[in-house]
Amino acid sequence: VWIADYNYILGKPSNRILKQDFDSSTTVLVIDEAHNLESRLLDHWSVEWSALEVLRIGEPLSHLDISSRFRELWEQWRRALDSLPGERLLSAKEIHWFEDLLFELVEQSTHEHWDWVILPPDIADAIWKLRETASLIAQENTAWEWIWWTPKPGVLQWAPMEIKSW
């Protein structure tokens, strides 16, 4: 029997433990505050990018020793986000365009020589967020329905529509 609060279950260290050591055929998982679980899972699996966030990181990026190609892609990402109107779903064509740009940004980020020791935390977080976003999209769980939408102008969110099958 495992007893845990939903915040613990959704934490990154616990995710690794659950994937490696949890056997649902022999273990009972009791989750405290389970009435909040569905909304927490939706939040946990959702990713949001804003043009403002990307703009804020763009200035410190300009002082780093990185390729002009990465800078160009980062600015293209910012402009694309900035052009989004609010409160609508993206079309299939827009989704593919954003996916391609995201994957190109991630690919380019792997060719950069990031000095993680001196890298400002907001830039390090953004690079990891890029990679995590691409990873989530690449392994999209086909049992769930996913949406790409703009909850407000300049903001893109990728989220599962519901988590009931989790």
Side-chain angles (χ1 to χ4, degrees), residues 4-22 39-86 89-142 144 146-161 163 166:
D5 167 285
Y6 69 85
N7 289 311
Y8 176 78
I9 295 297
L10 296 177
K12 289 191 190 287
S14 300
N15 279 339
R16 285 190 287 276
I17 292 168
L18 284 170
K19 286 179 185 171
Q20 295 170 356
D21 300 330
F22 185 80
S39 65
R40 286 287 292 147
L41 284 168
L42 285 169
D43 289 344
H44 180 75
W45 287 105
S46 298
V47 179
E48 186 172 285
W49 282 92
S50 75
L52 187 59
E53 168 189 18
V54 174
L55 176 64
R56 191 183 82 249
I57 292 165
E59 169 56 26
L61 266 179
S62 67
H63 301 295
L64 297 177
D65 184 24
I66 57 175
S67 70
S68 60
R69 181 65 183 145
F70 185 84
R71 283 191 184 92
E72 290 167 10
L73 289 168
W74 190 260
E75 177 58 19
Q76 189 176 356
W77 182 243
R78 186 203 60 78
R79 285 192 315 265
L81 292 169
D82 197 41
S83 71
L84 293 171
L89 295 174
L90 268 61
S91 68
K93 183 177 177 181
E94 290 170 314
I95 291 170
H96 291 302
W97 189 88
F98 271 97
E99 282 179 338
D100 289 347
L101 179 55
L102 175 67
F103 288 128
E104 190 174 356
L105 247 174
V106 169
E107 175 63 25
Q108 186 62 43
S109 79
T110 65
H111 299 294
E112 302 299 329
H113 301 287
W114 305 106
D115 187 344
W116 297 103
V117 174
I118 64 167
L119 199 62
D122 54 343
I123 294 177
D125 288 347
I127 301 306
W128 284 110
K129 184 177 174 182
L130 273 175
R131 293 174 180 180
E132 286 179 358
T133 304
S135 176
L136 279 173
I137 293 167
Q139 61 182 321
E140 184 175 304
N141 184 336
T142 55
W144 299 345
W146 296 86
I147 60 170
W148 288 69
W149 73 299
T150 61
K152 54 189 170 188
V155 175
L156 175 63
Q157 188 176 74
W158 183 76
M161 290 182 65
I163 298 290
W166 189 81

For Pro85 and Thr150 the tightest heavy-atom approach is O-OG1, 2.6 Å

Do Trp158 and Thr133 have side-chain atoms, one donor and one acceptor, less than 3.5 Å apart?
no

Heavy-atom count check: over 12 atoms from other residues, nucleotides or ligands less than 6.0 Å from His63 NE2?
yes

Closer than 4.0 angstrom, basic N to acidic O: yes or no for Arg71 and Glu75?
no

Should Leu84 and Trp49 be marked as a side-chain contact (heavy atoms from CB on, under 4.5 Å) after you check the CA-CA gap, both sets of side-chain angles, and the distance that decides it?
CA-CA 11 Å; Leu84 293 171; Trp49 282 92; over 6 Å; no

Check for me whether the distance between the ring centres of Trp128 and Trp116 falls short of 6.0 Å.
yes

Roughly how far, to the nearest 0.5 Å, is CG of Asp100 from CD1 of Ile95?
12.0 Å

Please tell me if the side chains of Lys129 and Glu53 come closer than 4.5 Å, counting only heavy atoms from C-beta onward.
yes

For side-chain contact (heavy atoms from CB on, under 4.5 Å), just list the numbers for Val155 and Glu48, CA-CA rounded to whole Å, side-chain angles, deciding distance to a tenth of an Å, and then say yes or no.
CA-CA 7 Å; Val155 175; Glu48 186 172 285; 3.4 Å; yes

Can you name the closest pair of heavy atoms from Trp97 and Ala80 and give their distance?
CZ3-CB, 3.4 Å

Would you indicate whether the side-chain heavy atoms of Val47 and Glu132 approach each other to under 4.5 Å?
no

Which value, rounded to the nearest 0.5 Å, describes the distance between Leu90 atom CG and Leu156 atom CG?
6.0 Å

Has the side chain of Arg131 got a donor or acceptor atom that lies under 3.5 Å from a matching backbone atom of Ser109?
yes

Interatomic distance, Leu105 atom CG to Phe98 atom CZ [nearest 0.5 angstrom]:
11.5 Å

Look only at the side chain of Trp77 and the backbone of Leu102, and say whether a donor-acceptor pair between them is shorter than 3.5 Å.
no

How far apart are the closest heavy atoms of Ile137 and Phe103, and which atoms are they?
CG2-CZ, 3.9 Å

Which heavy atom of Ala51 sits nearest a heavy atom of Arg78, and at what distance?
O-CG, 3.7 Å

pair Leu73-Gln76: side-chain heavy atoms closer than 4.5 Å
yes

Return the CD1 to CG distance between Ile66 and Leu61, rounded to the nearest 0.5 Å.
4.5 Å

More than 12 heavy atoms of other residues, nucleotides or ligands under 6.0 Å from CG of Asp65: is that the case?
no

Once rounded to the nearest 0.5 Å, what's the spacing between atom CZ of Arg79 and atom CG of Leu81?
11.0 Å

Answer yes or no: is there an ion pair linking Glu104 with Arg69, defined by an N-O contact shorter than 4.0 Å?
yes

To the nearest 0.5 Å, atom NE2 of His111 lies from atom OG of Ser67 at 9.5 Å

Report yes if the side chains of Leu119 and Leu64 come closer than 4.5 Å at any heavy-atom pair, otherwise no.
yes

Considering all heavy atoms, the nearest Asp122-Arg56 contact:
CB-NH2, 4.3 Å

Check the pair Glu107, Thr110 against side-chain contact (heavy atoms from CB on, under 4.5 Å), reporting the backbone distance first and the verdict last.
CA-CA 5 Å; Glu107 175 63 25; Thr110 65; 4.1 Å; yes

Is there a donor-acceptor pair under 3.5 Å between the side chain of Trp149 and the backbone N or O of Ala159?
no

Angle class for the Trp114/Phe70 ring planes (parallel below 30°, perpendicular above 60°, tilted otherwise)?
perpendicular

